[in-house]
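Accompanying notes for the structure given below.
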Amino acid sequence: DVEGKLCMRAPFHDPPKTGLDIIIQPEMSFGTGHHPTTWQMMRALLDIPMDGRSVLDVGCGTGVLAIAAKKLGAGHVVAFDIDEWSYKNTLANLERNDLSADIESFQGTVFHAQLSQKKFDVILANINRNILIAEMEEYASKCSEMGQLLLSGFYRRDCGEIIAKAESSGFTLTKEVS
């Protein structure tokens with residue numbers, strides 16, 4: 001439960017009495033809401049006006065962040081993961097949430113041809129430090145002029161290096177949550 005506004009649950013749990021209902025079959029993919037980084041990303045989405053915005057979910061795991069963005073009003077949403085299991089789990093979770101036709105998903109990386117020439121208003125990346133740093137410039141190339149990048153999935157001790165790479169790629173730190 002994210003402040004009574006978003007609720008992630010397995011299909012065998014009862015729907016929430018309040019908030020948006022997000023059904024996630026746990027499987028083996030990352031993103032069931034039990035890890036603090038997933039919860040923090042979900043919480044951060046509540047502070048961003050989603051109405052009609054385009055969203056890219058990098059390393060989507062279960063697809064929970066893409067699903068949350070869409071249910072919060074995002075327009076075009078793309079979710080991908082390099083892991084085949086995660087990709088298939090995302091497809092199944094999109095179907096569980098009746099969003100199969102509304103969220104584009106593929107197996108691959110941020111360098112995939114399917115993403116060439118596309119710009120996004122919000123980019124979500126809940127991944128490890130090394131991947132974030134290695135892909136930062138690509139995130140910058142895919143971010144719209146006034147777009148936002150939300151990062152999570154790393155240790156606090158890695159913040160300095162990640163922030164430095166983000167700033168050298170054209171991003172400006174506006175908020176930090178621990």
Shortest non-hydrogen pair, Asn93 vs Thr62, comes out as ND2-O, 3.0 Å
Do the side chains of Lys88 and Glu84 get close enough for a salt bridge, i.e. N-O under 4.0 angstrom?
yes
So, does Lys119 use its side chain to make a donor-acceptor pair with the main chain of Ser141 at under 3.5 Å?
yes
State, without any angle test, whether Asp121 and Ser144 hold a side-chain donor-acceptor pair at a distance under 3.5 Å.
yes
How far does CG of Leu20 sit from CG of Leu45, to the nearest 0.5 angstrom?
11.0 Å
How about His112 and Phe80: are their ring centres within less than 6.0 Å of each other?
no
Apply side-chain contact (heavy atoms from CB on, under 4.5 Å) to the pair Ile67 and Thr90, showing each step before the final yes or no.
CA-CA 9 Å; Ile67 292 166; Thr90 294; over 6 Å; no
Met8 and Val64: which non-hydrogen atoms are nearest, and at how many Å?
SD-CG2, 3.3 Å
Option among Arg129, Met136, Glu176 that satisfies the side-chain contact (heavy atoms from CB on, under 4.5 Å) test with Leu151:
Met136
Heavy-atom side-chain contact between Thr174 and Gln148 under 4.5 Å
no
So, Asn126 and Thr37: side-chain donor and acceptor under 3.5 Å apart, yes or no?
yes
Could you walk me through whether Lys175 and Asp47 satisfy the side-chain contact (heavy atoms from CB on, under 4.5 Å) test, starting with their C-alpha distance in whole Å, then the side-chain angles of each, then the deciding distance to 0.1 Å, before giving a yes or no?
CA-CA 11 Å; Lys175 187 175 182 179; Asp47 291 335; 3.3 Å; yes
CZ-CD1 distance between Arg9 and Ile22, expressed to the nearest 0.5 angstrom:
10.5 Å
List the atom pairs, with distances to 0.1 Å, where a side-chain N or O of residues 98-105 and a protein N or O form a donor-acceptor pair under 3.5 Å, not counting sequence neighbours.
from	atom 1	to	atom 2	distance (Å)
Ser100	OG	Glu95	N	3.3
Glu104	OE1	His76	NE2	3.0
Glu104	OE1	Lys118	NZ	3.4
Glu104	OE2	Gln114	NE2	2.7
Glu104	OE2	Lys118	NZ	3.3
Ser105	OG	Ala79	O	3.2

Linked, directly or transitively: Val122 and Val58 (ILVMFWY side chains, under 4.5 Å)
no
What distance separates Lys71 NZ from Asp21 CG, expressed to the nearest 0.5 Å?
5.5 Å
Test log, rule side-chain contact (heavy atoms from CB on, under 4.5 Å), inputs Tyr139 and Leu56:
CA-CA 9 Å; Tyr139 302 158; Leu56 179 64; 5.9 Å; no
Closest non-hydrogen atom pair, Ser168 against Lys165
OG-O, 3.0 Å
Can you see whether Lys70 engages Asn97 through a side-chain donor-acceptor pair at a distance of less than 3.5 angstrom?
no
Taking all heavy atoms of Ala44 and all of Leu150, pick out the closest pair and write down the distance.
CB-CD2, 3.4 Å
Quick one: does Asp81's side chain have a donor or acceptor within less than 3.5 Å of a partner on Gly61's backbone?
yes
Give a yes or no on this: more than 12 heavy atoms of other residues, nucleotides or ligands lie within 6.0 Å of atom CD of Glu167.
yes
Which heavy-atom pair separates Ser152 from Gln40 by the least distance, and what is that distance?
OG-OE1, 4.0 Å
Could you list the residues that satisfy ring pair (Phe, Tyr, Trp, His ring centres under 6.0 Å) with Phe154, not counting sequence neighbours?
none
Can you tell me how far the CG atom of Leu6 sits from the OG1 atom of Thr18, to the nearest 0.5 Å?
10.0 Å
Non-hydrogen atoms of Glu138 and Val110 that approach each other most closely
CG-CG1, 3.6 Å
Backbone of Trp85 reached by a side-chain donor or acceptor of Asn89 within 3.5 Å:
no
If you count the non-hydrogen atoms of other residues, nucleotides and ligands that lie under 6.0 Å from CD1 in Ile133, is the total more than 12?
yes
Exceeds 12 heavy-atom contacts within 6.0 angstrom, atom CZ of Phe12:
yes
Checking the side chain of Lys142 only, and the main-chain atoms of Phe120 only, is there a donor and an acceptor separated by less than 3.5 Å?
no
